*Asks:* 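This is the structure, below, for whatever I ask next.
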Amino acid sequence: MLKLFQYSKGYRYNNDSLLLFDFLSKNNLKGNILDIGCGCGILGLLIKQRFPNSNVYLLDIQEQNIKLSYKNAKENKLEIQGICEDFLNYKSDIKFDFLISNPPFYKKNTQKSQDLHLCISRYQEFMPLEKMFAKINTLIKPNGSFFMCYEASFLDEICAYLKQFKLKLVSLQCVHTNAQTNARLVLMHIKKNSKSPCSIMPTLFMYKNDVLNPKISEIYENTGTISYDV
């Protein structure tokens, strides 16, 4: 069980991070791994716990998030490296085997919170897609992987940027609230220098007849997190 402290006010992780971890953990992660926009550290810490021989780096523009990630790492006796920096300006001598992110994707015209911590974690303008993929392309190893989740309505835009930066979508899974709704989220495995066809994985439905889908319950149980307010 991963114990996570979260701020009682401001951005708090949601189920998207748990779904993304379930999606990416089907792969054997190793080497140098960068969690972009780590928040409280949930994704990077879950990875370090599941793949203990990996070298996990947690990056966030907000110092309070890096401090919280270190606190959570200490609580769970996990060794990570925190980096407090704007990802779009980040330079590294390390080329990463895996990059992961649950980036902000709320649109500009969405009514914003007055909480800056919340805004940076939620709104697309703080991590524009084109700039994000351009930076990823400079940090990823040849044949390296990037795992992300994003609002499903942006899939066409994402695919256009992937082509621009010679990155390849190799696996895709759509998440729907229920069988009567359009996809709300896409989980993506993206690789550099890949010629593999894109594998479309079975669709995830969060609810069936207004009851949480047993498959989703299984994902939550297998992920194993518990949070506390600070």
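Since the model is a prediction, treat every value here as computed from it, not as a measurement. For the numbers below, each heavy atom of this structure counts, side chains included, while hydrogens, waters and symmetry mates do not.
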*Asks:* If the test is side-chain contact (heavy atoms from CB on, under 4.5 Å), which one of Leu18, Leu19, Leu24 qualifies with Phe21?
*Replies:*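 So, applying the side-chain contact (heavy atoms from CB on, under 4.5 Å) to Phe21 and each of Leu18, Leu19, Leu24, only Leu24 qualifies.
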
*Asks:* Around atom NZ of Lys131, are there more than 12 heavy atoms from other residues, nucleotides or ligands closer than 6.0 Å?
*Replies:*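 Counting other residues, nucleotides and ligands, NZ of Lys131 stays at 12 neighbours or fewer.
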
*Asks:* How many angstroms lie between atom CG of Leu204 and atom NZ of Lys215, to the nearest 0.5 angstrom?
*Replies:* 7.0 Å

*Asks:* Tyr207 vs Thr177, test: side chain to side chain contact (heavy atoms under 4.5 Å, CB included). Steps then yes/no.
*Replies:* CA-CA 6 Å; Tyr207 293 91; Thr177 301; 4.2 Å; yes

*Asks:* Looking only at non-hydrogen atoms, find the nearest pair between Tyr70 and Gly82 and report the distance.
*Replies:* OH-N, 2.8 Å

*Asks:* Find the distance between CG (Asn102) and CG (Leu187) and round it off to the nearest 0.5 Å.
*Replies:* 9.5 Å

*Asks:* So, taking the atom named CG in Leu99 and the one named CD1 in Ile33, what distance separates them when rounded to the nearest 0.5 Å?
*Replies:* 9.5 Å

*Asks:* Is it the case that more than 12 heavy atoms not belonging to Asn14 sit under 6.0 Å from its CG atom?
*Replies:* yes

*Asks:* What is the minimum heavy-atom distance between Leu88 and Pro128, and which atoms define it?
*Replies:* CD1-CD, 4.0 Å

*Asks:* If you take all heavy atoms of Leu68 and Gln6, which pair is closest and at what distance?
*Replies:*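 Result for this residue pair: CD2-CA, 4.1 Å.
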
*Asks:* Gln62 and Cys84: which non-hydrogen atoms are nearest, and at how many Å?
*Replies:* C-SG, 4.0 Å

*Asks:* Going from CD1 on Ile140 to CG on Leu167, what distance comes out if it is rounded to the nearest 0.5 angstrom?
*Replies:* 6.5 Å

*Asks:* A quick test of your reading: do over 12 heavy atoms of other residues, nucleotides or ligands sit less than 6.0 Å from NZ of Lys26?
*Replies:*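 Yes, the 6.0 Å shell around NZ holds more than 12 heavy atoms from other groups.
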
*Asks:* Answer yes or no: are there more than 12 heavy-atom neighbours, outside Lys71 itself, under 6.0 Å from its atom NZ?
*Replies:* no

*Asks:* So how far is it from Asn15 CG to Cys149 SG, rounded to the nearest 0.5 Å?
*Replies:* 11.0 Å

*Asks:* Pick from Leu45, Asn72, Asn76: which one makes a side-chain contact (heavy atoms from CB on, under 4.5 Å) with Lys3?
*Replies:* Asn76

*Asks:* Looking at SG of Cys159 and CD1 of Ile190, how far apart are the two atoms once the value is rounded to the nearest 0.5 Å?
*Replies:*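 Nearest 0.5 Å value for the SG-CD1 distance: 8.0 Å.
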
*Asks:* Apply side chain to side chain contact (heavy atoms under 4.5 Å, CB included) to residues Ile158 and Phe133 and explain how you reach the verdict.
*Replies:* CA-CA 9 Å; Ile158 289 169; Phe133 285 122; 3.8 Å; yes

*Asks:* If you draw a 6.0 Å radius around CZ in Phe205, do more than 12 non-hydrogen atoms from other residues or ligands fall strictly inside?
*Replies:* yes

*Asks:* Give me the ring orientation class for Tyr150 and Phe154: parallel if the planes are under 30° apart, tilted from 30 to 60°, perpendicular past 60°.
*Replies:*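 The rings of Tyr150 and Phe154 stand perpendicular, inter-plane angle above 60°.
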
*Asks:* Between Ser69 (side chain only) and Gly39 (backbone N and O only), is there a donor and an acceptor less than 3.5 Å apart?
*Replies:*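 Checking the backbone N and O of Gly39 against the side chain of Ser69, a donor-acceptor pair under 3.5 Å is found.
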
*Asks:* Grab the two heavy atoms, one from Ala183 and one from Cys174, that are nearest each other, plus how far apart they are.
*Replies:*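 Here Ala183 and Cys174 meet closest at CB-CB, 4.1 Å.
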
*Asks:* Determine whether Asp35 and Lys48 satisfy the following criterion, side chain to side chain contact (heavy atoms under 4.5 Å, CB included), listing intermediate values before the conclusion.
*Replies:* CA-CA 11 Å; Asp35 180 359; Lys48 184 64 177 179; over 6 Å; no

*Asks:* Cys38 and Asp60: which non-hydrogen atoms are nearest, and at how many Å?
*Replies:*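 Heavy atoms only, the tightest pair is N-OD2, 3.2 Å.
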
*Asks:* Quick one: ring pair (Phe, Tyr, Trp, His ring centres under 6.0 Å) partners of Phe23, sequence neighbours excluded?
*Replies:* none

*Asks:* State whether Asp229 and Arg12 are salt-bridged, where the test is any N-O pair (Lys NZ or Arg NE/NH1/NH2 against Asp/Glu carboxylate O) under 4.0 Å.
*Replies:* yes

*Asks:* By the definition side-chain contact (heavy atoms from CB on, under 4.5 Å), identify the one residue from Leu212, Asp22, Thr225 that meets it with Tyr220.
*Replies:* Leu212

*Asks:* Could you go step by step and tell me if Tyr90 and Ile36 meet the side chain to side chain contact (heavy atoms under 4.5 Å, CB included) rule?
*Replies:* CA-CA 11 Å; Tyr90 177 55; Ile36 304 161; over 6 Å; no

*Asks:* Counting only heavy atoms not in Asn143 (residues, nucleotides, ligands), do more than 12 fall under 6.0 Å from its CG?
*Replies:*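 Atom CG in Asn143 is crowded, with more than 12 foreign heavy atoms closer than 6.0 Å.
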
*Asks:* Who passes side-chain contact (heavy atoms from CB on, under 4.5 Å) against Gln180, sequence neighbours left out?
*Replies:*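 Expected list: Asn178.
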
